[in-house]
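To start, the structure under review is shown below, and the notes come after it.
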Amino acid sequence: MMQKLKNTYLGLIVLFLYAPIGVLIAQSFNASRYRGQWTGFTWDWYVSLLGNEDIIEAFGNTLTIGLTSAALATVLALVTAIGLRRLGHRSRLLLRGMANVPLLNADIVTGISLMLLFLGLGLRLGYDTILMAHIVISLPYAMLCILPQVLALDNVCYEAALDLGATPFQAFRKVILPELVPGIMAAYLLSFAMSADDFIVTYFTKGAGIETLTTEIYAELKLGVHPEMYALSTLFFVAVIVFVALLLVNYRVISRYRQAGRRQRA
Amino acid sequence: MMQKLKNTYLGLIVLFLYAPIGVLIAQSFNASRYRGQWTGFTWDWYVSLLGNEDIIEAFGNTLTIGLTSAALATVLALVTAIGLRRLGHRSRLLLRGMANVPLLNADIVTGISLMLLFLGLGLRLGYDTILMAHIVISLPYAMLCILPQVLALDNVCYEAALDLGATPFQAFRKVILPELVPGIMAAYLLSFAMSADDFIVTYFTKGAGIETLTTEIYAELKLGVHPEMYALSTLFFVAVIVFVALLLVNYRVISRYRQAGRRQRA
Amino acid sequence: MDKELLKLEHINKSYDGKQVLEDLDLTIHENEFMTLLGPSGCGKTTTLRLIGGFELPDSGRILFDGQDITRLRPEKRPVNTVFQKYSLFSHMDAADNIAFGLKLKGKSKSYIRDKIKYALKLVNLDGYEHASVTQMSGGQQQRIAIARAIVNEPKVLLLDEPLSALDLKLRQSMQRELVKIKKELGITFVFVTHDQQEALSMSDTVVVMNQGWIQQIGTPESVYNEPENAFVADFIGDSNIIDGMMVRDKLVHLLGQDIPCINTGFGENVPVDVQIRPEDIQICEPANGQFRGVIRQVVFKGTVYDITIEAGGFRWLVQTITGHEQGREVGLRLAASNIQIMAKPASEDEEAATDE
Amino acid sequence: MDKELLKLEHINKSYDGKQVLEDLDLTIHENEFMTLLGPSGCGKTTTLRLIGGFELPDSGRILFDGQDITRLRPEKRPVNTVFQKYSLFSHMDAADNIAFGLKLKGKSKSYIRDKIKYALKLVNLDGYEHASVTQMSGGQQQRIAIARAIVNEPKVLLLDEPLSALDLKLRQSMQRELVKIKKELGITFVFVTHDQQEALSMSDTVVVMNQGWIQQIGTPESVYNEPENAFVADFIGDSNIIDGMMVRDKLVHLLGQDIPCINTGFGENVPVDVQIRPEDIQICEPANGQFRGVIRQVVFKGTVYDITIEAGGFRWLVQTITGHEQGREVGLRLAASNIQIMAKPASEDEEAATDE
């Protein structure tokens with residue numbers, strides 16, 4: 001009885017979290033353009049998506065901006081984390097705190113700030129400014145993934161490598177870097193997700209004539225009801241699921257390392 | 001030399017993260033309406049903010065929606081976490097994973113989905129739908145704060161309370177709940193931040209005639225250059241700083257508990 | 001021994017189909033310091049949790065002072081528990097932790113204050129009323145846990161490896177303190193440990209357990225000197241355990257020699273396990289020994305030397321106060337009273353514990 | 001002893017203004033098993049790290065085979081280190097860990113393969129080439145770490161508390177194995193530990209350190225039986241350490257009695273520390289003893305009884321094989337050869353370690 005009640009509750013929570021997306025998916029297969037009337041199943045909206053050149057172009061932009069900004073943010077985060085490692089405890093805490101503030105700041109504030117900065121620097125808003133903006137918003141997340149691992153790194157492995165005849169550079173490349181792979185992967189994946197998901201920062205820094213998927217969806221929906229956009233959003237959601245699967249695999253790797261560490265300690 | 005290079009690098013990173021907000025703050029004190037020309041310092045834009053009734057109303061909405069949705073999301077997360085605790089390892093992992101998916105989903109997709117759901121249910125978009133939407137987006141974050149603490153709870157404290165004569169309910173109220181306070185606080189603060197910062201979900205679920213701070217900023221900026229909005233964004237940023245300070249204090253409490261635990265183990 | 005206080009009868013308990021306790025019978029007397037000793041997984045902690053009420057047996061009864069308490073909830077039992085670790089309430093200070101049980105029982109403020117004072121004095125933490133328990137050392141935390149349990153005036157105090165998280169020096173001093181506290185309170189202690197030294201030095205009665213069975217119950221001396229089977233002999237202290245054959249009463253055939261001993265009643269020509277403690281073997285001239293062998297290894301251990309001697313096809317462990325030269329030929333002599341004869345195990349559960 | 005291999009001369013080292021090593025001199029010979037023994041913070045690990053090249057001394061020299069290596073980088077030194085823990089490369093399997101140093105040196109594939117096979121055999125992990133090191137037990141990991149170090153054929157192997165993370169039984173068996181490996185390789189071992197048992201049972205030479213000073217260097221027996229000061233006596237084994245006065249050669253005044261001893265050369269009427277090991281005290285009839293006292297406590301420890309006797313105003317710790325009755329009056333006898341006389345410490349660094 002108690003057990004049944006609990007399962008019902010947990011089921012309701014899951015429903016609560018997933019009902020919206022369920023409605024969206026349903027709508028994307030609805031033959032009717034209009035909500036509330038189900039006139040049959042159709043792939044039409046997906047098909048017409050593929051024929052829409054604006055969307056294909058926006059997809060390209062999302063992909064290239066995401067991949068590039070994630071790579072740059074990850075490298076910056078890695079170098080910064082290693083720099084922070086050597087700092088004293090107090091200044092490290094301060095810098096960590098400072099890196100976390102932008103995480104909490106409202107995206108709209110970040111977007112407006114970046115727009116003002118770019119315009120103040122005399123830059124023309126476009127692809128490049130989106131890219132820079134995305135690095136700025138991804139960097140704190142990348143730090144969040146990489147920093148704990150870098151700080152937890154034990155000097156012992158580095159010293160063991162020196163002891164066995166490695167130069168400091170060899171020790172870094174052959175011992176330290178491989179130990180950090182899970183954190184680097186997580187940082188890259190999360191940075192990419194931040195870039196691809198972002199709407200408002202992109203909106204303020206993109207200028208005219210260039211769209212990413214999120215701004216394209218927004219623009220089309222403002223013009224009227226577009227079931228193609230429901231289809232696109234559904235695809236977006238599916239991409240997220242795939243993405244989470246990737247993260248989970250990566251998380252497994254991390255936790256295997258962690259467990260091994262714990263066993264060593266025990 | 002090496003040291004100087006490193007400090008320069010770290011300084012650049014901080015500049016990189018904070019330059020945008022610096023420009024925003026400067027602009028909010030610029031007597032000129034227009035970017036690029038500094039005609040003197042002024043408090044005017046802040047003063048005119050206070051006289052703007054729309055903004056005062058939007059602030060009220062942000063505050064009440066934030067406080068209410070955070071409270072509800074935290075309670076739901078706490079009950080769910082306790083429910084998950086008793087589950088088997090596999091189903092727990094599954095449900096945790098499912099709770100994390102919405103974290104990664106693009107806000108615009110969540111916003112569209114919620115709008116479709118609410119309209120599908122025949123609800124009128126307004127204050128209530130924003131509230132519900134914010135609970136949905138905050139819940140995964142609240143879970144993220146509470147669940148690890150609930151899972152790490154040692155049965156020993158509960159059993160010790162029973163052993164000393166407490167009924168199961170007394171043991172929960174007097175022993176378990178106080179141990180969870182730091183996690184509950186973190187969940188509440190983070191949920192509030194998510195609600196207050198959100199733009200796109202609110203935009204899709206708010207309907208006409210009601211604005212929160214973020215949608216109000218967006219709406220006014222679309223109409224033209226409004227330095228009042230720079231002032232408002234600056235205030236928003238200051239609020240974030242205060243908020244981070246609160247979180248840090250709470251984090252200190254958590255880490256003091258953790259350290260105590262670690263000492264016990266050592 | 002005083003009168004019977006707690007009685008476990010025919011207890012069976014299994015988890016996930018694995019039998020943890022099998023038809024366990026155990027009687028605990030008033031004012032006894034009883035230790036349950038065994039390797040991990042032997043069922044000692046489960047036994048304690050059954051007494052505390054945190055587990056229910058699959059079958060069997062638990063009697064307290066003649067009354068059946070098998071299904072009584074933990075909060076109603078006249079026993080209190082000191083847990084292994086983590087058990088203090090970290091959001092309360094020391095005094096609030098200690099007062100927890102008394103407040104639930106609705107005692108008066110002055111009563112509670114006096115009790116706290118008394119308990120802190122007893123555990124040597126005078127004046128620590130308002131110390132934060134998270135700031136305390138492991139040893140201090142365990143003392144507070146003991147104080148918190150005893151203010152409720154339990155008839156039986158259950159201690160579940162309370163010292164296992166402490167380091168060696170602290171553990172030894174806490175052992176002495178626990179014995180002192182036990183004497184002052186005059187109540188029954190049931191103590192669980194896997195550390196044979198701890199069990200021997202603290203208890204009135206040692207219960208040696210393995211794989212859900214009680215292997216032997218006795219005083220520390222009797223368990224050490226007269227182990228009833230090879231498991232007990234091997235688990236407690238170092239031992240030489242050798243296959244032998246009881247020729248007749250007071251004569252055992254061992255590695256090709258007939259050796260006099262003092263045991264009787266095993267019958268004639270019965271296979272037995274023979275145990276000889278390493279400190280009970282005398283090294284002498286080869287001609288004078290019952291066995292003749294060669295010293296293979298000498299290791300200085302501080303108080304004693306551990307000497308490995310190969311004799312009669314067996315590697316003997318011998319402990320002596322004086323050193324001996326490696327490689328030398330020597331004789332070994334065994335006094336009849338130092339040879340312990342044990343029946344061969346009836347089941348595999350009683351077999352000697354193997355090194356992991 | 002073989003020829004001198006490694007020499008530390010006048011080494012000083014401090015961290016954050018705290019002096020860790022003070023004018024340290026130490027000579028290590030070829031093929032020696034030397035153990036640095038002391039409580040935490042005594043400077044033993046720092047000494048090892050100086051030899052390994054992970055720290056530079058503030059002043060002083062380190063000579064290897066006559067050559068100054070004080071400022072040589074760790075990767076260039078003819079020594080290898082086995083670290084306390086965590087030191088295996090978790091993204092490589094066992095064979096790749098072992099091959100790490102050899103690959104850097106550009107050895108041939110077949111050479112490396114043979115070396116791995118040999119090293120795994122030596123550490124008793126035949127066939128574990130492709131095992132994931134993260135899946136291994138603590139003991140196996142330390143064996144791989146040893147294998148990884150020795151394939152580089154160091155002249156000196158440094159071991160920094162390599163067994164401290166293992167449990168008691170495993171630690172003891174690894175101690176035996178390490179001694180075996182040392183014998184087979186025939187190289188110098190410098191071993192750091194805080195465990196006196198470990199130091200005594202493994203080493204040729206024990207270096208007892210405290211607060212950055214070397215307290216005594218000697219064989220295990222000499223360090224145990226003839227400690228040079230109260231710190232060494234107290235740190236190694238149980239001891240009775242009593243203030244005394246050397247009346248003249250071979251006579252010491254102790255707790256009101258003049259007691260014969262065998263030490264000479266302290267001068268007349270000089271205050272000294274007197275050490276008597278608990279196993280060296282004989283209990284006899286009150287009339288026959290040099291001291292007369294009362295048995296306060298008897299604790300059975302397995303092999304021996306720990307007996308506390310109050311006599312002459314001092315609480316003596318005595319260890320005996322047979323039990324004694326608490327409360328009985330007894331006499332204590334000390335053989336002259338079992339009394340160890342030690343000069344009073346010149347500085348506070350040499351004072352007896354206090355219980356924490």
Side-chain angles (χ1 to χ4, degrees), chain A residues 6 9-10 13-14 16-24 27 35-36 76 79-80 83-84 86-87 95 97-102 104-110 112-114 116-117 119-120 135-136 139-140 193 196-200 214 217-218 221 229-230 233 236-237 240-241 243-244 247-248, chain B residues 6 9-10 13-14 16-24 27 35-36 76 79-80 83-84 86-87 95 97-102 104-110 112-114 116-117 119-120 136 139-140 193 196-200 213-214 217-218 221 229-230 233 236-237 240-241 243-244 247-248:
Chain A
K6 199 187 320 163
Y9 174 80
L10 289 176
I13 288 288
V14 170
F16 187 61
L17 288 171
Y18 282 83
I21 207 78
V23 174
L24 175 74
Q27 195 60 39
R35 296 180 310 268
L76 282 176
V79 177
T80 309
L84 282 178
R86 305 276 169 97
L87 281 185
L95 273 160
M98 289 189 77
N100 284 341
V101 171
L104 280 175
N105 207 355
D107 282 347
I108 196 167
V109 174
T110 310
I112 297 170
S113 307
L114 283 165
L116 284 176
L117 177 68
L119 293 175
I135 295 173
V136 172
L139 186 55
D197 285 4
D198 177 70
F199 162 73
I200 195 81
T214 52
I217 293 173
Y218 178 80
L221 277 177
M229 290 307 109
Y230 303 154
S233 298
F236 221 108
F237 176 72
V240 167
I241 299 274
F243 199 83
V244 168
L247 269 179
L248 271 185
Chain B
K6 201 191 311 165
Y9 174 79
L10 289 177
I13 288 288
V14 170
F16 187 60
L17 288 172
Y18 282 84
I21 206 79
V23 174
L24 176 73
Q27 195 61 42
R35 295 179 312 266
L76 282 176
V79 177
T80 309
L84 281 179
R86 306 276 170 94
L87 281 186
L95 271 160
M98 288 188 78
N100 284 341
V101 171
L104 280 175
N105 207 356
D107 283 346
I108 197 168
V109 174
T110 312
I112 298 170
S113 308
L114 282 164
L116 284 177
L117 177 66
L119 293 175
V136 171
L139 186 55
D197 286 3
D198 176 70
F199 161 72
I200 194 80
L213 279 180
T214 53
I217 293 174
Y218 178 81
L221 277 176
M229 290 307 109
Y230 303 153
S233 299
F236 221 109
F237 176 72
V240 166
I241 298 274
F243 199 83
V244 169
L247 270 179
L248 271 185

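The analysis underlying the following values was restricted to heavy atoms, covering all of them including side chains, and did not include hydrogens, waters or symmetry mates.
Using a 4.5 Å cut-off between heavy atoms, B:Phe16 touches chain A through backbone and side chain atoms alike. In this structure, the portion of B:Ile13 lying under 4.5 Å from any heavy atom of chain A is its side chain and not its backbone. The parts of A:Leu76 that come within reach of chain B are both its backbone and its side chain, each placing non-hydrogen atoms under 4.5 angstrom from that chain. In this structure, the portion of A:Tyr9 lying under 4.5 Å from any heavy atom of chain B is its side chain and not its backbone. Neither the backbone nor the side chain of B:Leu213 comes within contact range of chain A; no heavy atom of the residue lies under 4.5 Å from a heavy atom of that chain. Of the atoms belonging to B:Phe199, it is side-chain heavy atoms, and not backbone ones, that fall under 4.5 Å from chain A. With a 4.5 Å cut-off on non-hydrogen atoms, B:Leu114 touches chain A through its backbone and its side chain both. Of the two parts of B:Val136, the backbone and the side chain both hold a non-hydrogen atom closer than 4.5 Å to a non-hydrogen atom of chain A. Only the side chain of B:Ile200 comes within contact range of chain A, judged by heavy atoms closer than 4.5 Å. The parts of B:Tyr218 that come within reach of chain A are both its backbone and its side chain, each placing non-hydrogen atoms under 4.5 angstrom from that chain. Contacts of B:Leu116 with chain A are made by both backbone and side-chain atoms, with heavy-atom separations under 4.5 Å.
Across all non-hydrogen atoms, the minimal contact from A:Ala106 to B:Phe236 is CB-CE2, 3.7 Å. The minimum heavy-atom distance between B:Ser233 and A:Ile112, with the atom names listed, is OG-CD1, 3.7 Å.
Between chain A and the residues B:Leu84, B:Leu119, B:Asp107, the most heavy-atom pairs under 4.5 angstrom are made by B:Leu119. Top candidate by heavy-atom pairs under 4.5 Å with chain A, chosen from B:Asn105, B:Leu24, B:Val14, B:Ile21, is B:Asn105.
Listed for the B:Thr214 side chain is no donor-acceptor partner under 3.5 Å among the backbone atoms of B:Asp197.
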